[in-house]
Amino acid sequence: MEIKFSSQNILEQKLDLVFYPVLQDAKQIKSLLLSLGLKNSLDKKLAQENFLGKKGEHFSFEVDDVSIVLLGTGKEKKLLTDDVREFSGLCAQFLKKNNIKSIGVDIQACLRLFSDLEVLAQSFAEGFYLGGYSFDKYKTTKDLVNQADVLVFSITNDKKKAFEKFWQKGLLFAQGTILARDLVNEPAAYMTPTLLAQTAQNIASQHKEIKVKILDKEQVEKLGMHAYLGVDRGSDEPLKFIHLTYLPKAKTKEKIALVGKGITFDSGGLNIKVGDGMTDMKIDMGGAATVLGVFQVLASLNIKAEVHGIIAACENMPSGKALRPGDVVTNMQGKTIEIANTDAEGRVTLADALAYAQKQKVGTIVDLATLTGACIVALGSEYAALYANKDGLTKDLLASADTNSEKIWHMPLAPEYKELNKSQVADIRNLASSRGGGSITAALFLQEFILEDVAWAHLDIAGPAYAEKALNHYTPVGGVGFAVRTLLTWLQSK
Ligand code: BES
Ligand code: ZN
Ligand code: ZN
């Protein structure tokens with residue numbers, strides 16, 4: 001779809017359809033209709049359809065062969081950034097359902113409701129591309145798609161350049177998120193550690209600033225990652241340890257690692273999951289997907305920091321070779337872990353991934369993991385839990401999440417619960433001795449592998465990595481690509 005800009009009246013450009021955002025405000029709707037030259041002729045239709053401008057409502061009519069669609073944005077007097085994403089997501093969804101070739105949006109009209117041009121452009125692009133997303137690869141009857149080949153924005157010449165620049169940024173934010181969604185949605189039979197590694201190699205081949213190293217089982221053994229190797233043992237799929245490195249053009253002191261949990265399928269292992277507990281466990285590489293989504297676009301966004309992407313990818317499967325409850329494994333730092341439950345596997349692989357990250361001498365680590373069902377019990381399925389050992393890092397990540405309307409809640413690394421992870425036979429146990437606070441005790445387990453001078457944050461994304469139903473007009477059911485945008489904003493602030 002071609003994007004065009006024009007300083008002329010949007011209604012005079014022979015487009016099939018023009019979108020207008022409207023507030024839930026009868027007076028403003030009336031004045032918009034008047035400005036379109038429509039006077040009171042639509043009063044009856046408005047009343048019949050009971051269109052008030054509520055969020056998500058739409059109202060269409062024709063003016064001189066152009067269809068005009070008013071999209072309701074709700075009651076608030078001004079739009080918030082997320083209202084813009086919702087509005088453009090709604091545009092994208094409307095286009096999927098209707099066969100339309102050319103569309104227009106009056107940016108001057110949008111600016112009356114939302115005055116920050118740059119944020120408008122970026123969030124419009126995000127909502128538009130993310131709202132148009134669907135995963136229909138395995139459907140023989142494909143989902144409906146947007147048929148439009150041109151999108152025209154009417155905007156005055158002085159604003160065009162800034163709008164275009166931030167539209168591009170929004171497009172990149174969406175593209176990274178969409179890669180992460182695709183990876184999460186792919187069935188585990190295809191989305192193996194090998195395919196995750198190929199995805200990383202593919203990303204590196206597209207950007208000269210990005211290098212990739214893929215370690216196989218033998219190399220991982222040499223490094224002494226016996227915690228990770230233990231989890232992998234039951235699977236017939238070969239493990240892949242992925243290390244991406246982004247080196248910015250200008251020299252930098254800031255070194256950051258993004259570490260993603262990459263369990264491509266979590267059966268639970270010998271502590272096999274019961275009931276429908278296993279149904280969605282292809283999503284257990286959601287953290288890895290987010291890391292890869294970020295890497296897909298970070299070079300194009302000119303991030304100033306050096307960034308490492310680290311994923312210890314494998315499956316968690318039962319077999320005669322699998323790790324047993326009661327086994328003890330040793331990570332690459334030499335710390336011993338008692339495996340009390342083979343289903344608490346993510347933290348065991350992360351014990352090695354985090355150790356490896358620190359060997360790269362990074363100053364800051366953010367890990368992302370679909371780590372605990374307990375996190376969903378605590379915060380529900382839309383919020384991620386954030387744990388961090390430095391207040392500044394917490395503050396920065398929360399601010400970046402807020403900018404992107406991604407829901408992250410700060411949780412305590414409660415020192416009083418540390419003893420719950422104590423083992424009688426090893427340095428630490430992978431299952432706490434009490435059921436309560438399971439997301440916290442999992443975070444405390446990870447903290448044991450973090451050196452004191454490293455700034456570290458852990459995001460438990462078990463809930464928001466996957467949407468069981470559409471969450472809004474730009475987040476359809478399935479993989480969410482959670483935190484890709486938040487991390488990009490955070491990295492851009494470096
Ligand atoms: N991958 C799961 C956590 C999970 C659950 C992610 C639901 C997404 C949705 C993790 O490996 C796991 O199985 N955790 C166990 C831990 C328990 C054995 C201590 C859990 O949460 O039940
Ligand atoms: Zn598990
Ligand atoms: Zn898991």
Side-chain angles (χ1 to χ4, degrees), residues 183-185 188 191 193 196 227-228 230-235 237 239 259-290 311-318 322-327 337-353 367-385 411 417 420-423 428-446 458-468 478-480 482-483:
L183 297 176
V184 169
N185 286 331
M191 184 41 62
L196 272 185
Y228 169 39
V231 173
D232 168 67
R233 251 171 30 205
S235 168
E237 280 295 330
L239 67 76
V259 178
K261 171 172 171 182
I263 300 295
T264 59
F265 189 73
D266 182 10
S267 70
L270 288 180
N271 289 109
I272 198 158
K273 287 182 182 290
V274 293
D276 59 6
M278 212 191 294
T279 313
D280 289 331
M281 278 305 126
K282 68 172 185 183
I283 72 157
D284 216 16
M285 36 57 74
T290 296
I311 299 160
C314 69
E315 284 186 324
N316 185 24
M317 299 296 255
L323 204 57
R324 309 160 192 83
D327 281 351
I337 303 166
E338 177 195 352
I339 304 298
N341 188 311
T342 63
D343 197 10
E345 82 299 337
R347 65 195 79 180
V348 180
T349 60
L350 286 167
D352 273 325
D367 81 66
L368 301 107
T370 46
L371 202 63
T372 66
C375 188
I376 305 175
V377 175
L379 296 178
S381 59
E382 291 190 37
Y383 279 76
M411 298 273 279
Y417 296 162
L420 299 173
N421 284 330
K422 275 213 172 120
S423 164
I428 195 164
R429 238 166 82 107
N430 78 331
L431 180 71
S433 56
S434 107
R435 257 167 59 89
S439 175
I440 300 176
T441 48
L444 289 168
F445 176 96
L446 298 180
H458 158 59
L459 280 167
D460 192 336
I461 60 167
Y466 188 80
E468 275 172 22
V480 170
F482 187 80

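Everything numeric in this text was worked out from a predicted model, so none of it was measured. Scope of the values below: all heavy atoms of this structure, side chains included, with no hydrogens, waters or symmetry mates. Both ligands and their constituent atoms are indexed starting at 1 by order of listing. Throughout, residue positions are numbered sequentially from 1 according to the sequence presented.
- Just one of Thr279, Asp280, Val274 meets the side-chain contact (heavy atoms from CB on, under 4.5 Å) condition when paired with Asp276; it is Thr279.
- Within the 4.5 Å cutoff, no side-chain heavy atoms of Ile461 are placed close to those of Lys261.
- Atom numbering of ligand 1 starts at 1 in the shown order; those under 4.0 Å from a heavy atom of Ile376 are 7 (C), 9 (C).
- Of the protein's non-hydrogen atoms, the one nearest atom 2 (C) of ligand 1 is Asp266 OD2, 3.5 Å.
- Shown are Asn316, Ile339, Asn271; of these, the side-chain contact (heavy atoms from CB on, under 4.5 Å) with Leu323 is made only by Ile339.
- Distances from the Zn ion (ligand 3) show that Leu371 has no N/O/S atom below 2.8 Å.
- Heavy-atom contacts of Asn341 reach the following atoms of ligand 1: 18 (C) (cutoff under 4.0 Å).
- Coordination check, Asp343 versus the Zn ion (ligand 2): passed, since an N/O/S atom of the residue sits under 2.8 Å.
- The protein non-hydrogen atom at the shortest distance from atom 12 (C) of ligand 1 is Asp343 O, 3.2 Å.
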Practice prompt. Kindly indicate, with the supporting measurements, whether the criterion side chain to side chain donor-acceptor pair (under 3.5 Å) is fulfilled by Asp284 and Thr370.
Written response: CA-CA 6 Å; Asp284 216 16; Thr370 46; 2.4 Å; yes
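- Side-chain contact check for Thr372 versus Arg347: some heavy-atom pair is nearer than 4.5 Å.
- Protein heavy atom at the shortest distance from atom 16 (C) of ligand 1 is Arg347 NH2, 4.1 Å.
- Among protein heavy atoms, the minimum distance from atom 10 (C) of ligand 1 is reached at Leu371 O, 3.3 Å.
- In this structure, the side chains of Val377 and Arg435 stay at 4.5 Å or more apart for every pair of heavy atoms.
- At a 4.0 Å heavy-atom cut-off, ligand 1 touches Lys261 through the side chain alone.
- Ranked by closest heavy atom to atom 13 (O) of ligand 1, the top entry among Met281, Met285, Lys273 is Lys273.
- In this structure, the side chains of Met285 and Leu196 come closer than 4.5 Å at one or more pairs of heavy atoms.
- In this structure, the side chains of Thr342 and Arg324 stay at 4.5 Å or more apart for every pair of heavy atoms.
- Within Asp284, the N, O or S atom at minimum distance from the Zn ion (ligand 3) carries the name OD2.
- No other N/O/S atom of Glu345 lies as close to the Zn ion (ligand 2) as OE1 does.
- Per-residue contacts place Glu345 under 4.0 angstrom from the following atoms of ligand 1 (heavy atoms of the residue considered): 11 (O).
- Heavy-atom proximity to Leu431, at under 4.0 Å, picks out these atoms of ligand 1: 19 (C).
- The main-chain N or O of Ala313 is found under 3.5 Å from a side-chain atom of Tyr228 such that the two form a donor-acceptor pair.
- The N, O or S atom of Asp266 lying closest to the Zn ion (ligand 2) is OD2.
- Near Thr372, meaning under 4.0 Å from any of its heavy atoms, are these atoms of ligand 1: 3 (C), 21 (O).
- Per-atom contact check: atom 21 (O) of ligand 1 touches the protein, criterion being a heavy-atom distance below 4.0 Å.
- Here the side chains of Cys314 and Ser235 are not in contact, with every heavy-atom distance at 4.5 Å or above.
- Between Gly373 and ligand 1, at least one N/O pair is under 3.5 Å apart.
- Atom CZ of Phe265 sits in a crowded spot, with more than 12 heavy atoms from other residues, nucleotides or ligands closer than 6.0 Å.
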